[in-house]
Amino acid sequence: MSSFASQAISTRRLDLLPLHVEHAGEMAAVLSDPALHTFIGGTPDTPQALRSRYQRMTAGSPDPAVSWLNWVIRLRDESCLTGTVQATVSPSGHDHDHDQDHGPVAEIAWMVGTPWQGRGIATEAARGLVDWLGRRPVHTVIAHIHPEHRASAAVATAVGLTPTRERHEDEIRWHRRNKQ
């Protein structure tokens, strides 16, 4: 399995920039609204806690077969960070529906700070990420979304994921197969 590395991705309004520890200060403010944790649990990180988390994330997965890819979302016109997208790429074997399918699986997630929600930023960023993954040897893209999280379900639908009957820790597994 080839390892993957985050690269800058540009969309119409956004630059997805590979995550750096230095982003922690601004991102702690972007993600400071406790409402962002309604469906995922936990509380917002302090800048120090986020810095430690970003150090772990940028150090990479302890499993050499798994790639942790993380980006911050920069709104170009406003020169500010607005959220994050991420993909965890692992070898096949997690696809219970189609055991015969073999190829890397990317589990994606996104989060946009409250002040920037409702502007299509999450959808545009997730689409940029899914398109980027589609140009790599990724067979399936999955996301886990709380059944009541309508905004995330709308993003997933917009980028071509469909819900499955599978549940993972009270969340619905969504997926999309890439044409290889």
Side-chain angles (χ1 to χ4, degrees), residues 1-19 31 36-41 57 60-61 63-76 82-113 116-180:
M1 149 119 201
S2 58
S3 67
F4 291 73
S6 309
Q7 298 169 320
I9 301 169
S10 286
T11 65
R12 189 171 62 81
R13 298 177 295 165
L14 310 173
D15 293 312
L16 309 185
L17 305 172
L19 178 72
L31 302 178
L36 291 172
H37 294 266
T38 301
F39 296 108
I40 60 172
M57 289 163 66
S61 167
D63 180 345
V66 175
S67 298
W68 290 351
L69 308 177
N70 294 278
W71 292 263
V72 290
I73 304 168
R74 183 174 163 272
L75 186 56
R76 210 175 294 121
T82 62
T84 60
V85 289
Q86 61 192 65
T88 300
V89 182
S90 37
S92 65
H94 303 295
D95 195 340
H96 311 297
D97 302 334
H98 297 78
D99 290 332
Q100 78 277 16
D101 292 338
H102 298 291
V105 174
E107 180 170 349
I108 66 169
W110 51 86
M111 183 178 279
V112 171
W116 297 277
Q117 289 179 5
R119 295 164 61 178
I121 290 172
T123 298
E124 187 173 331
R127 185 175 286 131
L129 173 58
V130 168
D131 289 349
W132 184 86
L133 290 165
R135 294 191 293 275
R136 276 149 192 82
V138 170
H139 185 270
T140 306
V141 175
I142 64 172
H144 292 102
I145 299 172
H146 189 283
E148 293 166 30
H149 199 331
R150 285 188 294 276
S152 266
V155 171
T157 300
V159 301
L161 277 72
T162 53
T164 68
R165 289 199 189 92
E166 276 183 66
R167 289 283 195 280
H168 176 77
E169 295 174 4
D170 295 331
E171 294 183 317
I172 296 170
R173 173 183 157 126
W174 291 62
H175 75 172
R176 157 192 174 140
R177 298 200 194 294
N178 287 335
K179 312 282 184 283
Q180 294 296 322

Examine distances only and state if a side-chain atom of [X] and a backbone atom of [Y] form a donor-acceptor pair shorter than 3.5 Å.
{"X": "Arg167", "Y": "Ile172", "answer": "no"}
{"X": "Thr164", "Y": "Arg173", "answer": "yes"}
{"X": "Gln86", "Y": "Trp68", "answer": "no"}

Residues that Arg176 engages under side chain to side chain donor-acceptor pair (under 3.5 Å), provided they are two or more places apart: Asn178

Contacts of type side chain to side chain donor-acceptor pair (under 3.5 Å), residue Ser10, not counting sequence neighbours: Asp15

Partners passing ring pair (Phe, Tyr, Trp, His ring centres under 6.0 Å) against [X] (at least two apart in sequence or in another chain):
{"X": "Trp116", "answer": "none"}
{"X": "His37", "answer": "none"}
{"X": "Trp174", "answer": "none"}

If I compare all heavy atoms of [X] with all of [Y], which pair ends up nearest, and what's the gap?
{"X": "Leu17", "Y": "Arg74", "value": "CD1-CD, 3.7 Å"}
{"X": "Ala125", "Y": "Leu14", "value": "N-CD1, 3.6 Å"}
{"X": "Ala158", "Y": "Thr123", "value": "CB-CG2, 3.6 Å"}
{"X": "Pro18", "Y": "Trp71", "value": "N-CD1, 3.7 Å"}
{"X": "Thr140", "Y": "Ile142", "value": "CG2-CG2, 3.9 Å"}
{"X": "Ala65", "Y": "Pro91", "value": "O-CD, 3.4 Å"}

For the [atom1] atom of [X] and the [atom2] atom of [Y], what is their distance to the nearest 0.5 Å?
{"X": "Ser152", "Y": "Leu161", "atom1": "OG", "atom2": "CG", "result": "11.0 Å"}
{"X": "Ser6", "Y": "Met57", "atom1": "OG", "atom2": "CE", "result": "9.5 Å"}
{"X": "Thr162", "Y": "Arg177", "atom1": "OG1", "atom2": "CZ", "result": "8.5 Å"}
{"X": "His144", "Y": "His149", "atom1": "NE2", "atom2": "NE2", "result": "15.0 Å"}
{"X": "Ile121", "Y": "Thr82", "atom1": "CD1", "atom2": "OG1", "result": "4.5 Å"}
{"X": "Ile145", "Y": "Trp110", "atom1": "CD1", "atom2": "CH2", "result": "4.0 Å"}

Please examine the side chains of [Y] and [X], heavy atoms only from C-beta on, and report whether any two atoms are closer than 4.5 Å.
{"X": "Val85", "Y": "Trp132", "answer": "no"}
{"X": "Leu16", "Y": "Ile73", "answer": "yes"}
{"X": "Leu133", "Y": "Ile108", "answer": "yes"}
{"X": "Arg150", "Y": "Glu148", "answer": "no"}

Pair Val112-Arg119, side-chain contact (heavy atoms from CB on, under 4.5 Å): steps then yes or no: CA-CA 10 Å; Val112 171; Arg119 295 164 61 178; over 6 Å; no

Pairs involving residues 123-134, ordered by first then second residue, that meet salt bridge (charged side-chain N to carboxylate O under 4.0 Å, His left out) (sequence neighbours left out): Arg13-Glu124

Pair Val89-Val66, side-chain contact (heavy atoms from CB on, under 4.5 Å): steps then yes or no: CA-CA 6 Å; Val89 182; Val66 175; over 6 Å; no

CG (Asp170) with more than 12 external heavy atoms under 6.0 Å: no

